[in-house]
Q: 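Quick one: the structure is below, questions incoming.
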Protein chains: 2
Amino acid sequence: MTIKEVAEKFNMTNDTLRYYEKVGLIGPIKKNSSGIRDYSEEDLKRIEFIKCMRSAGISIEVLKKYVDLYDEGESTKLERQHLLEEEQDKLEEKIKTMTEALDKLKYKIELYKTDKLDEYL
Amino acid sequence: MTIKEVAEKFNMTNDTLRYYEKVGLIGPIKKNSSGIRDYSEEDLKRIEFIKCMRSAGISIEVLKKYVDLYDEGESTKLERQHLLEEEQDKLEEKIKTMTEALDKLKYKIELYKTDKLDEYL
DNA sequence: TTATCACTTAGAGTCTAGTCTAAGTCAATA
DNA sequence: TATTGACTTAGACTAGACTCTAAGTGATAA
């Protein structure tokens, strides 16, 4: 699969894909005889995971750490698990914060709708 | 209330408070005879709202637009409501995305825990 | 054969949201 | 009186995550 197809599939840019490769999040991607990237199914699975975690706000730094541990092999399994658990906690906290903000936003919109607005902002 | 007290109350830095004022998100804050900021209750309410919305990821640009509309008066009420509704949609979408990522993360952690890991990353 | 087009690289530039620095003012304490 | 400490300003700097540019290669279409 070419970089263009992958970019389209995951709705990201070629630049981002090459950037992720450069910082070591994915790949190195196999290249054909003319030096053109050819993404494998394995690559796609990694990209999907990375994309998903990025969309949740997990930093490239943390993901890079996870990938590096993975590449170190079996012996890092527990450390990897702990890393993921930490990110789980952070993510749950973030979702909670955002849900609270959403509730306030909804309340504010309700005030606008019922014309009961006698507030500051 | 001094800038230091406000910063402590909302767990942010003096710099951020001055930055928000500079870009027009809050204030201008009243100053005493020596040029020192003295935050009013009104100011605090605004800051709390801004802080809450920022923690949900609403951009400074959007918040600035909302504040500007507010300052234009009654005639912008509907536009303000629409702006908030748009942000509500975006926020709901973001929470959904993050919740999906969280589920994947939990699943992955479960695989680690049960030692059933035969995966890519 | 020449031109076009999609790809390649290294590295510079951009955007957002702060964060930090330097130089200065003022009030209160040693 | 001198110095300490909290504040002030304008403006430079930073981090994170891309995004763009310039220069080059190789396969294919005209």
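Note that the structure is a prediction, hence the values are computed from the model and not measured. These numbers come from the heavy atoms of this one structure, side chains and all, not from hydrogens, waters or symmetry mates. Every chain is numbered from 1 and lettered A, B, ... according to where its sequence line falls, protein lines coming before strand lines.
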Q: Between B/K90 and B/E93, is the closest basic N to carboxylate O distance under 4.0 Å?
A: no
Q: Which whole-number value in Å describes the distance from A/E21 CD to C/dA10 P?
A: 11 Å
Q: State plainly whether the residues B/E48 and B/K51 are in salt-bridge range, i.e. N to O under 4.0 Å.
A: no
Q: Give me the ring orientation class for B/Y66 and A/Y112: parallel if the planes are under 30° apart, tilted from 30 to 60°, perpendicular past 60°.
A: perpendicular
Q: Counting primed atoms plus P, OP1 and OP2 as sugar-phosphate and everything else as base, spell out the protein contacts along nucleotides 8-21 of chain D at 4.0 Å heavy-atom distance: B, S or - for each nucleotide, 5' to 3'.
A: BB-B-----BBBB-
Q: Please step through salt bridge (charged side-chain N to carboxylate O under 4.0 Å, His left out) for the pair B/R80 and B/D71, ending with a clear verdict.
A: CA-CA 11 Å; B/R80 273 183 270 154; B/D71 287 342; over 6 Å; no
Q: Among B/K31, B/K30, B/R37, exactly one meets salt bridge (Lys or Arg N to Asp or Glu O under 4.0 Å) together with B/E21. Which residue is that?
A: B/R37
Q: Please say whether more than 12 non-hydrogen atoms of neighbouring residues, nucleotides or ligands are located less than 6.0 Å from CG in B/N32.
A: yes
Q: Does B/K108 make a cation-pi contact with A/F49, if we ask for NZ or CZ under 6.0 Å from the ring centre and within 45° of the axis?
A: yes
Q: So which of residues 83-101 of chain A are in contact with DNA chain C, with a heavy-atom cut-off of under 4.0 Å?
A: none
Q: Salt-bridge test for A/K77 and B/D115: reply yes if a basic N is under 4.0 Å from a carboxylate O, no otherwise.
A: yes
